[in-house]
Engineer: 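Sending over a structure as C-alpha coordinates; questions will come in a sec.
Residue numbering restarts at 1 for every chain, and letters A, B, ... go by the order of the sequence lines. What's counted below: heavy atoms across the whole structure, side chains too, no hydrogens, waters or symmetry copies.
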Number of protein chains: 2
Amino acid sequence: MLKAKEKDQNTEQRIKAAAQRLFQRKGFAATKTRDIADEAQINLALLNYYFGSKEKLFKIIMMESIFKFLQGIIFVFNDEQSSLEEKVQQIANRYIDFLSKEPEVPLFVLSELRNESSDFIHQLPIDNLFLDSVFAKQYKEKMAETGSNKSSLMHFLINLLSMLVFPFMSKPIISKIGNLNNKEFDNLMEERKNLVPIWIESILKTHDIS
Amino acid sequence: MLKAKEKDQNTEQRIKAAAQRLFQRKGFAATKTRDIADEAQINLALLNYYFGSKEKLFKIIMMESIFKFLQGIIFVFNDEQSSLEEKVQQIANRYIDFLSKEPEVPLFVLSELRNESSDFIHQLPIDNLFLDSVFAKQYKEKMAETGSNKSSLMHFLINLLSMLVFPFMSKPIISKIGNLNNKEFDNLMEERKNLVPIWIESILKTHDIS
DNA sequence: AATTAAATTAAACAAATGATTAAATTAGAA
DNA sequence: TTCTAATTTAATCATTTGTTTAATTTAATT
(Lines give C-alpha, C1' and ligand atoms only; values in the text may rest on other atoms or scores of the structure.)
Protein backbone atom coordinates (compact mmCIF):
# COMPACT_ATOMS: atom_id res chain seq x y z
CA MET A 1 0.00 0.00 0.00
CA LEU A 2 2.95 2.30 -0.37
CA LYS A 3 2.44 3.50 -3.89
CA ALA A 4 -1.22 4.06 -3.01
CA LYS A 5 -0.27 6.23 -0.07
CA GLU A 6 2.07 8.21 -2.24
CA LYS A 7 -0.53 8.83 -4.89
CA ASP A 8 -3.01 9.61 -2.15
CA GLN A 9 -0.71 12.30 -0.87
CA ASN A 10 -0.33 13.62 -4.36
CA THR A 11 -4.02 14.11 -5.04
CA GLU A 12 -4.64 15.19 -1.48
CA GLN A 13 -1.91 17.79 -1.76
CA ARG A 14 -3.10 18.86 -5.19
CA ILE A 15 -6.51 19.52 -3.73
CA LYS A 16 -5.03 21.45 -0.82
CA ALA A 17 -2.82 23.52 -3.08
CA ALA A 18 -5.73 24.34 -5.37
CA ALA A 19 -7.95 25.19 -2.42
CA GLN A 20 -5.28 27.46 -0.99
CA ARG A 21 -4.91 29.37 -4.24
CA LEU A 22 -8.65 29.84 -4.70
CA PHE A 23 -9.62 30.51 -1.09
CA GLN A 24 -6.86 33.09 -0.75
CA ARG A 25 -7.72 34.74 -4.04
CA LYS A 26 -11.51 34.75 -3.79
CA GLY A 27 -12.49 33.91 -0.22
CA PHE A 28 -14.57 31.05 1.16
CA ALA A 29 -18.00 31.97 -0.19
CA ALA A 30 -16.88 32.84 -3.70
CA THR A 31 -14.88 29.63 -4.07
CA LYS A 32 -17.04 26.72 -5.23
CA THR A 33 -16.15 23.09 -4.70
CA ARG A 34 -16.27 22.61 -8.45
CA ASP A 35 -13.71 25.42 -8.88
CA ILE A 36 -11.36 23.59 -6.55
CA ALA A 37 -11.93 20.29 -8.34
CA ASP A 38 -11.22 21.92 -11.71
CA GLU A 39 -8.15 23.76 -10.44
CA ALA A 40 -6.78 20.56 -8.91
CA GLN A 41 -7.87 18.54 -11.94
CA ILE A 42 -9.57 15.92 -9.81
CA ASN A 43 -13.04 14.49 -9.59
CA LEU A 44 -15.39 16.55 -7.48
CA ALA A 45 -16.11 13.68 -5.09
CA LEU A 46 -12.45 13.41 -4.11
CA LEU A 47 -12.67 16.68 -2.22
CA ASN A 48 -15.14 15.14 0.19
CA TYR A 49 -13.35 11.79 0.09
CA TYR A 50 -10.14 13.35 1.39
CA PHE A 51 -11.36 16.32 3.40
CA GLY A 52 -14.95 15.55 4.40
CA SER A 53 -16.38 18.89 3.44
CA LYS A 54 -15.58 22.26 1.92
CA GLU A 55 -15.63 23.77 5.39
CA LYS A 56 -13.13 21.31 6.86
CA LEU A 57 -10.80 21.92 3.93
CA PHE A 58 -11.20 25.65 4.44
CA LYS A 59 -10.34 25.46 8.13
CA ILE A 60 -7.10 23.70 7.31
CA ILE A 61 -6.13 26.37 4.78
CA MET A 62 -7.18 29.12 7.15
CA MET A 63 -5.18 27.78 10.08
CA GLU A 64 -2.08 27.40 7.93
CA SER A 65 -2.54 30.93 6.59
CA ILE A 66 -2.90 32.45 10.04
CA PHE A 67 0.14 30.54 11.13
CA LYS A 68 2.16 31.88 8.21
CA PHE A 69 0.91 35.37 8.89
CA LEU A 70 2.01 35.29 12.53
CA GLN A 71 5.13 33.22 11.95
CA GLY A 72 6.88 36.35 10.74
CA ILE A 73 6.79 37.92 14.16
CA ILE A 74 6.17 35.37 16.90
CA PHE A 75 9.42 33.57 16.32
CA VAL A 76 11.46 36.77 16.45
CA PHE A 77 9.65 38.25 19.43
CA ASN A 78 11.25 36.06 22.06
CA ASP A 79 14.77 35.85 20.77
CA GLU A 80 16.90 36.70 23.81
CA GLN A 81 20.00 37.26 21.71
CA SER A 82 18.96 40.01 19.33
CA SER A 83 18.43 43.68 20.16
CA LEU A 84 15.19 45.53 19.56
CA GLU A 85 16.61 47.13 16.45
CA GLU A 86 17.75 43.79 15.13
CA LYS A 87 14.31 42.33 15.77
CA VAL A 88 12.68 45.12 13.78
CA GLN A 89 15.05 44.51 10.89
CA GLN A 90 14.41 40.77 11.02
CA ILE A 91 10.65 41.23 11.05
CA ALA A 92 10.87 43.61 8.11
CA ASN A 93 12.96 41.14 6.15
CA ARG A 94 10.73 38.20 6.95
CA TYR A 95 7.44 39.97 6.22
CA ILE A 96 8.50 41.54 2.97
CA ASP A 97 10.03 38.31 1.72
CA PHE A 98 6.92 36.36 2.72
CA LEU A 99 4.43 38.86 1.33
CA SER A 100 6.34 39.22 -1.92
CA LYS A 101 5.76 35.51 -2.42
CA GLU A 102 2.25 35.23 -0.98
CA PRO A 103 0.71 38.70 -1.10
CA GLU A 104 -2.89 37.50 -0.72
CA VAL A 105 -2.49 36.02 2.75
CA PRO A 106 -3.22 39.06 4.94
CA LEU A 107 -6.29 40.19 2.99
CA PHE A 108 -7.56 36.62 3.00
CA VAL A 109 -7.03 36.12 6.72
CA LEU A 110 -8.47 39.48 7.75
CA SER A 111 -11.44 39.19 5.39
CA GLU A 112 -12.48 35.85 6.77
CA LEU A 113 -11.69 36.84 10.34
CA ARG A 114 -14.21 39.67 10.29
CA ASN A 115 -17.06 37.15 10.00
CA GLU A 116 -18.57 37.04 13.46
CA SER A 117 -18.98 33.28 13.49
CA SER A 118 -15.30 32.62 12.98
CA ASP A 119 -13.74 31.75 16.31
CA PHE A 120 -10.37 31.28 14.68
CA ILE A 121 -8.90 34.11 16.70
CA HIS A 122 -9.98 32.75 20.04
CA GLN A 123 -8.35 29.46 19.20
CA LEU A 124 -5.00 31.12 18.64
CA PRO A 125 -2.41 30.68 21.36
CA ILE A 126 -1.33 34.33 21.39
CA ASP A 127 -2.95 35.57 24.55
CA ASN A 128 -0.11 37.45 26.20
CA LEU A 129 2.47 36.21 23.78
CA PHE A 130 3.31 39.71 22.68
CA LEU A 131 2.75 41.75 25.85
CA ASP A 132 5.06 39.41 27.79
CA SER A 133 7.63 39.00 25.02
CA VAL A 134 11.31 39.87 25.04
CA PHE A 135 10.43 42.36 22.34
CA ALA A 136 8.01 44.17 24.68
CA LYS A 137 10.54 44.06 27.51
CA GLN A 138 13.25 45.55 25.33
CA TYR A 139 10.86 48.24 24.15
CA LYS A 140 10.04 49.23 27.73
CA GLU A 141 13.71 49.40 28.62
CA LYS A 142 14.54 51.55 25.63
CA MET A 143 11.61 53.87 26.33
CA ALA A 144 12.21 54.04 30.05
CA GLU A 145 13.12 57.70 30.17
CA THR A 146 10.39 58.76 27.71
CA GLY A 147 7.87 56.86 29.79
CA SER A 148 6.45 53.87 27.98
CA ASN A 149 3.04 52.37 28.59
CA LYS A 150 0.84 49.77 26.98
CA SER A 151 -0.57 52.31 24.52
CA SER A 152 2.80 53.35 23.21
CA LEU A 153 3.86 49.71 22.91
CA MET A 154 0.74 48.92 20.91
CA HIS A 155 1.23 51.95 18.68
CA PHE A 156 4.73 50.77 18.02
CA LEU A 157 3.57 47.30 16.99
CA ILE A 158 0.72 48.73 14.92
CA ASN A 159 3.07 51.05 13.08
CA LEU A 160 5.51 48.29 12.33
CA LEU A 161 2.86 45.91 11.00
CA SER A 162 1.01 48.67 9.16
CA MET A 163 4.03 49.82 7.21
CA LEU A 164 4.99 46.25 6.32
CA VAL A 165 1.63 44.63 5.58
CA PHE A 166 -0.74 47.34 4.36
CA PRO A 167 1.07 48.19 1.11
CA PHE A 168 0.65 44.60 -0.09
CA MET A 169 -3.03 44.58 0.76
CA SER A 170 -3.63 47.85 -1.05
CA LYS A 171 -1.45 47.09 -4.05
CA PRO A 172 -4.23 47.67 -6.63
CA ILE A 173 -4.99 51.14 -5.31
CA ILE A 174 -1.38 52.09 -4.62
CA SER A 175 -0.34 50.95 -8.10
CA LYS A 176 -3.18 52.90 -9.65
CA ILE A 177 -2.51 56.08 -7.68
CA GLY A 178 1.22 55.93 -8.28
CA ASN A 179 0.93 54.70 -11.86
CA LEU A 180 3.18 51.75 -11.03
CA ASN A 181 3.65 48.50 -12.92
CA ASN A 182 4.33 45.24 -11.11
CA LYS A 183 8.08 45.57 -11.23
CA GLU A 184 8.04 49.13 -9.92
CA PHE A 185 5.76 48.04 -7.12
CA ASP A 186 8.04 45.13 -6.20
CA ASN A 187 11.05 47.43 -6.17
CA LEU A 188 9.21 49.79 -3.85
CA MET A 189 8.48 46.93 -1.47
CA GLU A 190 12.04 45.73 -1.58
CA GLU A 191 13.22 49.21 -0.63
CA ARG A 192 10.97 49.10 2.41
CA LYS A 193 13.02 46.26 3.90
CA ASN A 194 15.64 48.80 4.86
CA LEU A 195 13.48 51.90 5.07
CA VAL A 196 10.85 50.68 7.51
CA PRO A 197 13.42 49.95 10.26
CA ILE A 198 14.91 53.42 9.73
CA TRP A 199 11.51 55.07 9.94
CA ILE A 200 10.53 53.01 12.97
CA GLU A 201 13.73 54.10 14.66
CA SER A 202 13.05 57.75 13.90
CA ILE A 203 9.52 57.36 15.29
CA LEU A 204 10.99 55.88 18.46
CA LYS A 205 13.21 58.88 18.89
CA THR A 206 10.17 61.10 18.79
CA HIS A 207 8.81 61.85 22.21
CA ASP A 208 5.31 61.03 21.12
CA ILE A 209 3.76 60.53 24.53
CA SER A 210 5.10 63.55 26.34
CA MET B 1 -48.23 59.74 -6.95
CA LEU B 2 -46.29 61.66 -4.37
CA LYS B 3 -46.85 59.49 -1.34
CA ALA B 4 -45.99 56.49 -3.48
CA LYS B 5 -42.71 58.05 -4.47
CA GLU B 6 -41.92 58.80 -0.87
CA LYS B 7 -42.65 55.30 0.26
CA ASP B 8 -40.74 54.01 -2.75
CA GLN B 9 -37.70 55.92 -1.60
CA ASN B 10 -38.15 54.56 1.86
CA THR B 11 -38.11 50.92 0.86
CA GLU B 12 -35.51 51.55 -1.79
CA GLN B 13 -33.28 53.19 0.76
CA ARG B 14 -33.98 50.48 3.30
CA ILE B 15 -32.80 47.91 0.79
CA LYS B 16 -29.70 49.93 0.01
CA ALA B 17 -28.87 50.40 3.66
CA ALA B 18 -29.33 46.71 4.39
CA ALA B 19 -27.24 45.76 1.38
CA GLN B 20 -24.49 48.12 2.45
CA ARG B 21 -24.34 46.64 5.93
CA LEU B 22 -24.26 43.04 4.69
CA PHE B 23 -21.99 43.50 1.68
CA GLN B 24 -19.47 45.42 3.78
CA ARG B 25 -19.62 42.89 6.61
CA LYS B 26 -19.59 39.67 4.60
CA GLY B 27 -18.68 40.50 1.01
CA PHE B 28 -20.57 39.95 -2.22
CA ALA B 29 -20.51 36.16 -2.45
CA ALA B 30 -21.39 35.49 1.19
CA THR B 31 -24.33 37.90 1.13
CA LYS B 32 -27.49 36.25 -0.20
CA THR B 33 -30.39 38.16 -1.67
CA ARG B 34 -32.61 36.64 1.02
CA ASP B 35 -30.28 38.00 3.72
CA ILE B 36 -30.71 41.48 2.30
CA ALA B 37 -34.48 41.08 2.10
CA ASP B 38 -34.61 39.91 5.71
CA GLU B 39 -32.30 42.65 6.94
CA ALA B 40 -34.36 45.30 5.13
CA GLN B 41 -37.61 43.60 6.13
CA ILE B 42 -38.95 43.62 2.62
CA ASN B 43 -40.22 41.04 0.21
CA LEU B 44 -37.47 39.31 -1.74
CA ALA B 45 -38.88 40.38 -5.10
CA LEU B 46 -38.55 44.06 -4.21
CA LEU B 47 -34.78 43.84 -4.48
CA ASN B 48 -35.05 43.06 -8.17
CA TYR B 49 -38.01 45.42 -8.54
CA TYR B 50 -35.93 48.37 -7.42
CA PHE B 51 -32.39 47.41 -8.38
CA GLY B 52 -32.72 44.87 -11.17
CA SER B 53 -30.23 42.38 -9.77
CA LYS B 54 -27.97 41.62 -6.85
CA GLU B 55 -25.00 42.61 -8.98
CA LYS B 56 -26.39 46.03 -9.90
CA LEU B 57 -27.17 46.71 -6.26
CA PHE B 58 -23.66 45.64 -5.35
CA LYS B 59 -22.04 47.94 -7.87
CA ILE B 60 -23.89 50.90 -6.39
CA ILE B 61 -22.72 50.02 -2.87
CA MET B 62 -19.21 49.39 -4.11
CA MET B 63 -18.93 52.69 -5.96
CA GLU B 64 -20.20 54.61 -2.97
CA SER B 65 -17.75 52.78 -0.71
CA ILE B 66 -14.78 53.49 -2.93
CA PHE B 67 -15.84 57.10 -3.09
CA LYS B 68 -16.02 57.32 0.70
CA PHE B 69 -12.66 55.63 0.98
CA LEU B 70 -10.96 58.10 -1.34
CA GLN B 71 -12.97 61.12 -0.25
CA GLY B 72 -10.77 61.37 2.83
CA ILE B 73 -7.74 62.29 0.80
CA ILE B 74 -8.67 63.53 -2.67
CA PHE B 75 -10.43 66.60 -1.39
CA VAL B 76 -7.51 67.62 0.80
CA PHE B 77 -4.82 66.88 -1.77
CA ASN B 78 -5.45 69.90 -3.94
CA ASP B 79 -6.18 72.52 -1.33
CA GLU B 80 -3.93 75.42 -2.30
CA GLN B 81 -4.33 77.15 1.04
CA SER B 82 -3.10 74.55 3.53
CA SER B 83 0.50 73.50 4.12
CA LEU B 84 1.75 69.95 3.78
CA GLU B 85 1.70 69.53 7.56
CA GLU B 86 -1.86 70.80 7.73
CA LYS B 87 -2.89 68.42 4.98
CA VAL B 88 -1.44 65.47 6.86
CA GLN B 89 -3.31 66.51 9.99
CA GLN B 90 -6.55 66.93 8.06
CA ILE B 91 -6.21 63.56 6.41
CA ALA B 92 -5.54 61.94 9.77
CA ASN B 93 -8.62 63.58 11.28
CA ARG B 94 -10.86 62.69 8.38
CA TYR B 95 -9.75 59.08 8.09
CA ILE B 96 -9.91 58.28 11.77
CA ASP B 97 -13.31 59.92 12.14
CA PHE B 98 -14.59 58.11 9.08
CA LEU B 99 -13.14 54.71 9.96
CA SER B 100 -14.34 54.95 13.54
CA LYS B 101 -17.87 55.16 12.15
CA GLU B 102 -17.47 52.76 9.23
CA PRO B 103 -14.53 50.49 10.00
CA GLU B 104 -15.50 47.80 7.49
CA VAL B 105 -15.12 49.95 4.38
CA PRO B 106 -11.44 49.44 3.57
CA LEU B 107 -11.45 45.67 4.06
CA PHE B 108 -14.61 45.44 1.98
CA VAL B 109 -13.25 47.56 -0.85
CA LEU B 110 -9.86 45.88 -0.96
CA SER B 111 -11.33 42.38 -0.69
CA GLU B 112 -13.63 42.87 -3.63
CA LEU B 113 -11.03 44.79 -5.60
CA ARG B 114 -8.64 41.84 -5.61
CA ASN B 115 -11.06 39.85 -7.81
CA GLU B 116 -9.56 40.00 -11.23
CA SER B 117 -12.85 40.58 -13.01
CA SER B 118 -13.59 43.76 -11.11
CA ASP B 119 -12.71 46.72 -13.30
CA PHE B 120 -13.78 49.13 -10.61
CA ILE B 121 -10.28 50.53 -10.31
CA HIS B 122 -9.91 51.29 -13.98
CA GLN B 123 -13.14 53.22 -13.89
CA LEU B 124 -11.86 55.50 -11.15
CA PRO B 125 -10.87 59.01 -12.20
CA ILE B 126 -7.62 59.05 -10.22
CA ASP B 127 -5.06 58.65 -12.94
CA ASN B 128 -2.54 61.31 -12.06
CA LEU B 129 -4.74 62.88 -9.44
CA PHE B 130 -2.15 62.28 -6.76
CA LEU B 131 1.14 62.59 -8.65
CA ASP B 132 0.07 66.00 -10.00
CA SER B 133 -1.54 67.21 -6.78
CA VAL B 134 -0.68 70.22 -4.66
CA PHE B 135 0.19 67.70 -1.98
CA ALA B 136 2.84 66.11 -4.19
CA LYS B 137 4.16 69.52 -5.22
CA GLN B 138 4.50 70.62 -1.62
CA TYR B 139 6.23 67.37 -0.76
CA LYS B 140 8.79 67.87 -3.52
CA GLU B 141 9.46 71.41 -2.34
CA LYS B 142 9.94 70.34 1.23
CA MET B 143 12.22 67.50 0.25
CA ALA B 144 14.17 69.52 -2.27
CA GLU B 145 17.49 69.44 -0.41
CA THR B 146 17.16 65.77 0.60
CA GLY B 147 16.43 64.89 -2.98
CA SER B 148 12.90 63.62 -3.53
CA ASN B 149 11.78 61.30 -6.27
CA LYS B 150 8.66 59.35 -7.13
CA SER B 151 9.68 56.47 -4.87
CA SER B 152 10.04 58.62 -1.80
CA LEU B 153 6.73 60.35 -2.55
CA MET B 154 4.99 56.99 -2.84
CA HIS B 155 6.60 55.73 0.37
CA PHE B 156 5.34 58.84 2.08
CA LEU B 157 1.76 58.26 0.90
CA ILE B 158 1.95 54.55 1.70
CA ASN B 159 3.17 55.27 5.23
CA LEU B 160 0.44 57.79 5.83
CA LEU B 161 -2.36 55.52 4.61
CA SER B 162 -0.86 52.46 6.28
CA MET B 163 -0.73 54.01 9.72
CA LEU B 164 -4.26 55.37 9.40
CA VAL B 165 -6.11 52.54 7.71
CA PHE B 166 -4.40 49.29 8.62
CA PRO B 167 -5.17 49.32 12.35
CA PHE B 168 -8.90 49.37 11.61
CA MET B 169 -8.60 46.50 9.17
CA SER B 170 -6.63 44.40 11.62
CA LYS B 171 -8.68 45.27 14.68
CA PRO B 172 -9.49 41.64 15.58
CA ILE B 173 -5.83 40.63 15.62
CA ILE B 174 -4.57 43.84 17.21
CA SER B 175 -7.21 43.61 19.94
CA LYS B 176 -6.33 39.99 20.58
CA ILE B 177 -2.57 40.59 20.67
CA GLY B 178 -2.90 43.66 22.89
CA ASN B 179 -5.71 42.23 25.00
CA LEU B 180 -7.85 45.28 24.22
CA ASN B 181 -11.59 45.73 24.59
CA ASN B 182 -13.55 47.90 22.17
CA LYS B 183 -13.22 51.06 24.19
CA GLU B 184 -9.48 50.67 24.64
CA PHE B 185 -9.15 50.10 20.91
CA ASP B 186 -11.19 53.20 20.09
CA ASN B 187 -9.07 55.27 22.48
CA LEU B 188 -5.93 54.02 20.78
CA MET B 189 -7.31 55.06 17.39
CA GLU B 190 -8.33 58.46 18.70
CA GLU B 191 -4.77 59.00 19.97
CA ARG B 192 -3.48 58.31 16.48
CA LYS B 193 -5.20 61.43 15.14
CA ASN B 194 -2.44 63.48 16.70
CA LEU B 195 0.32 60.88 16.78
CA VAL B 196 0.36 59.89 13.13
CA PRO B 197 1.10 63.45 11.94
CA ILE B 198 3.92 63.66 14.48
CA TRP B 199 5.37 60.36 13.36
CA ILE B 200 5.01 61.27 9.71
CA GLU B 201 6.86 64.49 10.38
CA SER B 202 9.68 62.67 12.15
CA ILE B 203 9.92 60.26 9.23
CA LEU B 204 10.19 63.20 6.87
CA LYS B 205 13.07 64.59 8.84
CA THR B 206 14.90 61.31 8.39
CA HIS B 207 17.18 61.32 5.39
CA ASP B 208 15.84 57.99 4.23
CA ILE B 209 17.00 58.18 0.63
CA SER B 210 20.52 59.39 1.07
C1' DA C 1 -66.65 56.27 -6.35
C1' DA C 2 -64.13 54.59 -10.29
C1' DT C 3 -59.92 54.19 -12.57
C1' DT C 4 -55.18 53.71 -13.12
C1' DA C 5 -50.49 53.16 -11.88
C1' DA C 6 -47.29 51.84 -8.38
C1' DA C 7 -45.91 48.85 -4.81
C1' DT C 8 -46.03 44.52 -2.52
C1' DT C 9 -46.72 39.65 -1.94
C1' DA C 10 -46.60 34.56 -2.35
C1' DA C 11 -45.31 31.11 -5.26
C1' DA C 12 -42.51 29.10 -8.40
C1' DC C 13 -38.55 28.32 -11.73
C1' DA C 14 -34.09 27.17 -13.35
C1' DA C 15 -29.50 27.03 -12.37
C1' DA C 16 -25.87 26.45 -9.11
C1' DT C 17 -23.96 24.12 -5.30
C1' DG C 18 -22.30 20.92 -1.55
C1' DA C 19 -22.58 16.38 -0.75
C1' DT C 20 -23.46 11.36 -1.47
C1' DT C 21 -23.95 6.97 -3.74
C1' DA C 22 -22.80 2.94 -6.17
C1' DA C 23 -20.17 1.22 -9.63
C1' DA C 24 -15.59 0.94 -11.82
C1' DT C 25 -10.70 1.14 -11.69
C1' DT C 26 -6.21 0.80 -9.69
C1' DA C 27 -2.64 -1.10 -7.10
C1' DG C 28 -0.56 -3.63 -3.45
C1' DA C 29 -0.76 -8.20 -0.69
C1' DA C 30 -1.32 -13.05 -0.53
C1' DT D 1 -2.55 -14.68 -10.61
C1' DT D 2 -6.12 -13.80 -7.32
C1' DC D 3 -7.93 -11.20 -3.81
C1' DT D 4 -8.65 -7.18 -1.13
C1' DA D 5 -8.63 -2.50 0.06
C1' DA D 6 -7.93 2.05 -1.60
C1' DT D 7 -8.92 5.26 -5.07
C1' DT D 8 -11.47 7.32 -8.77
C1' DT D 9 -15.46 8.15 -11.57
C1' DA D 10 -20.13 9.36 -13.27
C1' DA D 11 -24.51 10.13 -11.86
C1' DT D 12 -27.66 11.82 -8.76
C1' DC D 13 -29.75 14.13 -4.56
C1' DA D 14 -31.44 17.74 -1.74
C1' DT D 15 -30.79 22.58 -0.82
C1' DT D 16 -29.74 26.99 -1.78
C1' DT D 17 -29.95 30.92 -4.55
C1' DG D 18 -30.99 34.63 -7.96
C1' DT D 19 -34.71 35.85 -10.50
C1' DT D 20 -39.37 35.99 -12.47
C1' DT D 21 -44.32 35.68 -12.67
C1' DA D 22 -48.95 36.61 -11.74
C1' DA D 23 -52.01 37.99 -8.45
C1' DT D 24 -53.06 41.29 -4.71
C1' DT D 25 -52.89 45.47 -2.24
C1' DT D 26 -52.08 50.36 -1.85
C1' DA D 27 -52.43 54.96 -3.14
C1' DA D 28 -53.04 58.76 -6.25
C1' DT D 29 -55.98 60.74 -10.19
C1' DT D 30 -60.17 61.57 -12.55
Engineer: So which of residues 30-40 of chain B are in contact with DNA chain D, with a heavy-atom cut-off of under 4.0 Å?
Structural biologist: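 Nucleic-acid contacts, sorted: B/Thr31, B/Lys32, B/Thr33, B/Arg34.
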Engineer: Atom NZ of B/Lys56 to atom C1' of D/dT20: distance rounded to whole Å?
Structural biologist: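 Distance check: B/Lys56 NZ to D/dT20 C1' gives 14 Å.
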Engineer: Without decimals, in angstroms, what is the distance between A/Tyr50 OH and C/dT20 P?
Structural biologist: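 My rounded result for the distance is 17 Å.
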Engineer: A/Thr11 side chain N/O closer than 4.0 Å to the phosphate oxygens (OP1, OP2) of D/dT8?
Structural biologist: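 So the side-chain polar atoms of A/Thr11 do come within 4.0 Å of the phosphate oxygens OP1 or OP2 of D/dT8, strictly under.
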Engineer: Measure CG/B/Leu47 against P/D/dT19 and give the value in whole Å, please.
Structural biologist: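 After rounding, the gap between these two atoms is 8 Å.
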Engineer: Would you check if the side chain of A/Asn128 reaches a backbone N or O of A/Leu131 as a donor-acceptor pair within less than 3.5 Å?
Structural biologist: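 Absent.
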Engineer: Are B/Glu39 and B/Arg14 close enough for a salt bridge, meaning some N to O gap below 4.0 Å?
Structural biologist: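 Looking at B/Arg14 together with B/Glu39, the answer is no, because their closest N to O distance does not fall below 4.0 Å.
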Engineer: Tell me what A/Leu44 touches on the nucleic acid: a base, only sugar-phosphate, or nothing, going by heavy atoms under 4.0 Å.
Structural biologist: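 Base contact - A/Leu44 has a heavy atom under 4.0 Å of at least one base atom.
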Engineer: Provide, to the nearest angstrom, the distance between the CG atom belonging to A/Asn10 and the P atom belonging to D/dA6.
Structural biologist: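 Result: 18 Å.
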Engineer: Starting the side chain at C-beta, find the nucleotide from C/dA19, C/dT21, D/dT20 nearest to B/Ala45.
Structural biologist: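 The nucleotide sitting nearest to the side chain is D/dT20.
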Engineer: Could you please name the partner base of D/dT30, counting Watson-Crick and G-U wobble pairs only when both distances are under 3.5 Å?
Structural biologist: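 For D/dT30, the partner nucleotide comes out as C/dA1, under the 3.5 Å rule.
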Engineer: Rounded to whole Å, please give me the gap between CD in A/Glu12 and P in D/dT8.
Structural biologist: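 Atom CD in A/Glu12 sits about 10 Å away from atom P in D/dT8.
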Engineer: Quick one: salt bridge (charged side-chain N to carboxylate O under 4.0 Å, His left out) pairs with a partner in residues 169-183 of chain B, sequence neighbours left out?
Structural biologist: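 Found A/Asp127-B/Lys176.
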Engineer: Among D/dT20, C/dA19, D/dT19, which is the nearest nucleotide to the side chain of A/Asn48?
Structural biologist: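 Within the option list, the nearest is C/dA19.
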Engineer: Report the distance from atom CD1 of A/Ile42 to atom P of D/dT8, rounded to the nearest whole Å.
Structural biologist: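 Taking atom P of D/dT8 as the reference, CD1 of A/Ile42 is at 9 Å.
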Engineer: In terms of side-chain heavy atoms, does B/Ser65 have a donor or acceptor partner in B/Gln24 at a distance below 3.5 Å?
Structural biologist: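 Yes.
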Engineer: Indicate yes or no: does B/Asp132 engage B/Lys137 in a salt bridge with an N to O separation below 4.0 Å.
Structural biologist: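 Here B/Asp132 does not pair with B/Lys137 in a salt bridge, since their nearest N and O are not under 4.0 Å apart.
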Engineer: Under 3.5 Å, is there a donor-acceptor pair linking the side chains of A/Asn187 and A/Arg192?
Structural biologist: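 On atom types as modelled, these side chains do not qualify, holding no pair under 3.5 Å.
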Engineer: Tell me whether the OP1 or OP2 atom of C/dA19 has a side-chain N or O from A/Tyr49 closer than 4.0 Å.
Structural biologist: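 Indeed not, no polar side-chain atom of A/Tyr49 lies that close.
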Engineer: Please report, rounded to the nearest Å, how far the C1' atom of C/dA19 is from the NZ atom of A/Lys54.
Structural biologist: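 The answer, rounded to whole Å, is 12 Å.
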Engineer: If you look only at pairs with a residue in residues 82-107 of chain B, which of them pass as a salt bridge (charged side-chain N to carboxylate O under 4.0 Å, His left out), with sequence neighbours excluded?
Structural biologist: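 Matches after skipping sequence neighbours: B/Lys68-B/Glu102, B/Glu85-B/Lys142, B/Asp97-B/Lys193.
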Engineer: Write down the distance between CZ (A/Phe23) and C1' (C/dG18), rounded to a whole number of angstrom.
Structural biologist: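 Going from CZ in A/Phe23 over to C1' in C/dG18 covers 12 Å.
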Engineer: Let's see if you can work this out: which of C/dT8, C/dA10, D/dT9 has an atom nearest to the side-chain heavy atoms of B/Leu46?
Structural biologist: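 Looking only at side-chain atoms, B/Leu46 lies closest to C/dT8.
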Engineer: Can you see if the side chain of A/Asn43 gets near the phosphate of D/dT8 - specifically, an N or O under 4.0 Å from OP1 or OP2?
Structural biologist: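 No.
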